[in-house]
Amino acid sequence: MAVIRPFFCVRPDAKVAHRVAALPYDVYNRAEARAAAKKDALSFLNIDRPETQFDDGQDMYADEVYEKAGEMLEARIAEGTFMAERVRCYYVYELIMKGRSQTGIVACASVDDYLNGVIKKHENTRQDKELDRFRHVDACNAQTGPIFLAYRGKKEIDAIVEEVKQEEKLYGFTAEDGITHNVWRIAQAERLRALETGFAAVSDIYIADGHHRAASAVKVGLKRRAEHPGYDGTEEFNYFLSVLFPEEELMILPYNRFVKDLNGLTKEAFLFAVSENFSVEECGAGQVKPERKGTFGMYLDKSWYLLTAKEGIGGGDPVRSLDVAVLQDCLLAPVLGIKDPRVDERIEFVGGIRELFELEEKVLASSGLSVAFSMYPTTISELFAVSDAGLLMPPKSTWFEPKLRSGLFIHRLE
């Protein structure tokens, strides 16, 4: 059973919520973060990426950078940009993208559920990225970016959410990227108890996005436990900020691939090698966006191709049957020599929020022959199956949209 509880939220004043809300810290490189932060002093990106407050030559991982994040958060609270709830609350958070709505519940999940496997993972984390967010959470004494969790829906929870959505919003705004964000507050004792009871009947929760944020939040919690050996489990540092979505609400976009060369092969030799595991159909200039599992678009030398995995390819465990694994194991590794896509500089990953013409532009801009692949998206049921089996997905298997905004909900650890 999952332990999900309401919390004393620190949140922006309704008048400035639209200015505070920011895309996650990790969607920007350093230059992009600096440019985005400069647009509005109230944008939470200034706190999430505190190196933006220093000169370009500043070591972004220096102690004073993380300390600056904590100082800025406290200053924003003191000046009234943020206010602290006096009672524990849940929140309903709806995001609308191109007319499609997804709605989750903002709450705190349990560190122990993460440690004992009730909250399940599907990808590895990098130590350097974990350490960055660990130091940020520790310096701010707060979790500022929610972890994106998924669960198998419960009618009892759905009914409460729909009831709350008929009431007056706490926030409602459309961001520059066209995504609408609506938030409702749940403070009534009866609803709080009903939601806790509803989630107690949920046996498994899955990290959809935010593995590094989750891992760092848990490690800060363990650090605080060591610093407070008399802890009893009710302290705030035993929980981490999350938004929980039922599976039917979620949409996963494909994560496309671009490879900078053909591994020394001619076009003809490459196509012959590809044909060993895939049927190859040339489609000319018409973009190929795969419409079913086991099919792939390929852009090569100003032409699109439809690849279809041959019978018997991709069987076995839940990981090997993923399209991203089929492409990796049957084409990228044996034909193009991409043995480890996590570190190979010859491969780039392009989120499905971007149009296919961007893949074309990358190929056309290359000095020699290069190739791009459009993917059919991994499904949420595939993600659940991999996690349930205790396995890990290949890198860049899923791209979730829309992205949760940082700064709308903050969970203080003390």
Side-chain angles (χ1 to χ4, degrees), residues 6-26 28 33-34 36-55 58-89 91 106-108 111 131-147 170-171 183 185 210 212-213 216-228 231 234-243 404-414:
F7 64 110
F8 296 103
C9 185
V10 174
R11 58 180 179 81
D13 183 281
K15 300 185 189 68
V16 296
H18 64 290
R19 295 178 58 191
V20 170
L23 284 166
Y25 73 97
D26 54 356
Y28 301 98
R34 178 177 293 278
K38 281 183 177 180
K39 292 181 180 179
D40 195 327
L42 291 189
S43 169
F44 201 78
L45 190 62
N46 290 279
I47 296 173
D48 243 357
R49 294 289 296 269
E51 78 276 9
T52 59
Q53 310 304 302
F54 295 83
D55 294 337
Q58 172 68 40
D59 176 4
M60 64 186 293
Y61 302 113
D63 290 345
E64 60 266 26
V65 174
Y66 297 99
E67 291 166 3
K68 182 67 172 179
E71 292 168 3
M72 293 180 69
L73 177 58
E74 293 304 320
R76 291 285 181 262
I77 295 172
E79 72 188 21
T81 298
F82 291 97
M83 50 91 52
E85 294 280 14
R86 296 177 179 270
V87 297
R88 292 185 180 275
C89 300
Y91 299 85
V106 185
C108 278
V111 165
L131 181 59
D132 170 55
R133 283 303 101 178
F134 172 92
R135 295 177 68 189
H136 190 274
V137 171
D138 205 29
C140 290
N141 194 35
Q143 297 142 2
T144 59
I147 288 83
L170 180 65
Y171 307 132
V183 175
R185 178 175 175 265
H212 289 93
R213 291 193 295 276
S216 60
V218 168
K219 287 187 174 180
V220 172
L222 295 177
K223 175 177 180 284
R224 298 296 174 93
R225 287 180 176 184
E227 294 168 348
H228 300 82
Y231 78 93
T234 63
E235 298 86 357
E236 295 300 324
F237 55 71
N238 294 294
Y239 298 86
F240 57 89
L241 181 64
S242 306
V243 186
L404 307 180
R405 291 309 196 262
S406 295
L408 288 177
F409 315 98
I410 296 170
H411 173 229
R412 301 187 89 170
L413 301 186
E414 294 177 3

Salt-bridge present (Arg225, Glu236; N to O < 4.0 Å): no
After noting the C-alpha distance and the side-chain angles of Met60 and Phe54, does the key distance pass the side chain to side chain contact (heavy atoms under 4.5 Å, CB included) rule? CA-CA 9 Å; Met60 64 186 293; Phe54 295 83; over 6 Å; no
Classify the side-chain pair Gln58/Asp55 by whether it contains a donor and acceptor separated by less than 3.5 Å. no
Looking at side-chain heavy atoms only, is the closest gap between Val65 and Gln53 below 4.5 Å? no
Check whether any side-chain heavy atom of Ile410 sits under 4.5 Å from a side-chain heavy atom of Gln143, and report yes or no. no
I want to check something: taking the side chain as every heavy atom from C-beta on, are Thr81 and Val16 in contact at a cut-off of under 4.5 Å? yes
Residues two or more places apart in sequence or in another chain: which of them pass side chain to side chain donor-acceptor pair (under 3.5 Å) with Ser216? none
Say you draw a straight line from CZ of Arg19 to NZ of Lys39; how long is it, rounded to the nearest 0.5 Å? 14.0 Å
Holding to side chain to side chain donor-acceptor pair (under 3.5 Å), I want the full list of residues that pass it with Asp63, two or more places apart in sequence or in another chain. Arg135
I'd like to know whether Asp138 forms a side chain to side chain contact (heavy atoms under 4.5 Å, CB included) with Leu413, so could you lay out the CA-CA distance, the side-chain angles of the two residues, the decisive distance to 0.1 Å, and finally the verdict. CA-CA 9 Å; Asp138 205 29; Leu413 301 186; 5.9 Å; no
Locate the shortest heavy-atom distance separating Phe237 from Val111; write the atom from each residue and the value. O-CG2, 3.9 Å
Nearest 0.5 angstrom please: Cys9 SG to Leu241 CG, how far? 7.5 Å
Contact between Leu45 and Thr52 at the side-chain level, heavy atoms closer than 4.5 Å - yes or no? no
Students often mix this up, so state it plainly: with edges at 30° and 60°, are the rings of Phe82 and Phe44 parallel, tilted or perpendicular? perpendicular
Salt bridge or not between Arg11 and Glu85? Use side-chain N to carboxylate O under 4.0 Å. yes
Got Val10 and Met83 here, is their nearest side-chain heavy-atom distance under 4.5 Å? no
Side chain to side chain donor-acceptor pair (under 3.5 Å) filter on Arg76, not counting sequence neighbours, yields Glu79
Are the side chain of His136 and the backbone of Ile47 linked by a donor-acceptor contact shorter than 3.5 Å? yes
Output, in order, the C-alpha distance, side-chain angles, deciding distance and verdict of salt bridge (charged side-chain N to carboxylate O under 4.0 Å, His left out) for Arg133 and Asp48. CA-CA 9 Å; Arg133 283 303 101 178; Asp48 243 357; 3.4 Å; yes
Counterpart residues, salt bridge (Lys or Arg N to Asp or Glu O under 4.0 Å), relative to Glu227 (two or more places apart): Lys223, Arg224
Which residues satisfy the side chain to side chain donor-acceptor pair (under 3.5 Å) test with Tyr239, sequence neighbours excluded? none
Exercise: identify the closest heavy-atom pair between Ala33 and Tyr28: N-CB, 3.7 Å
Looking at Tyr171 versus His18, is the centre-to-centre ring distance below 6.0 Å? no
Point-to-point distance, once rounded to the nearest 0.5 Å, from CG of Asp132 to CZ of Phe134: 11.5 Å
Nearest 0.5 angstrom please: Arg405 CZ to Ser43 OG, how far? 10.0 Å
Checking Glu51 against Tyr66: is there a side-chain donor and acceptor pair closer than 3.5 Å? no
Side chain to side chain contact (heavy atoms under 4.5 Å, CB included) assessment of His228 paired with Glu414: CA-CA 12 Å; His228 300 82; Glu414 294 177 3; 4.3 Å; yes
Taking only Lys NZ, Arg NE, NH1 and NH2, and the carboxylate oxygens of Asp or Glu, determine whether Glu74 and Arg412 approach each other closer than 4.0 Å. yes
Any non-hydrogen side-chain atom of Ser406 less than 4.5 Å from a side-chain atom of Thr144? no
With the side chain counted from C-beta on, respond yes when Cys89 and Phe7 share a heavy-atom pair under 4.5 Å apart, and no when they do not. no
Stacked cation flag Arg213 on Tyr25, 6.0 angstrom / 45 deg: no
Heavy atoms, side chains only, cut-off 4.5 Å: are Pro12 and Leu408 in contact? yes
For Lys219, which residues count as a salt bridge (Lys or Arg N to Asp or Glu O under 4.0 Å) partner, sequence neighbours excluded? Glu130
Looking only at heavy atoms, what is the nearest atom pair of Phe240 and His411, with distance? CA-ND1, 4.4 Å
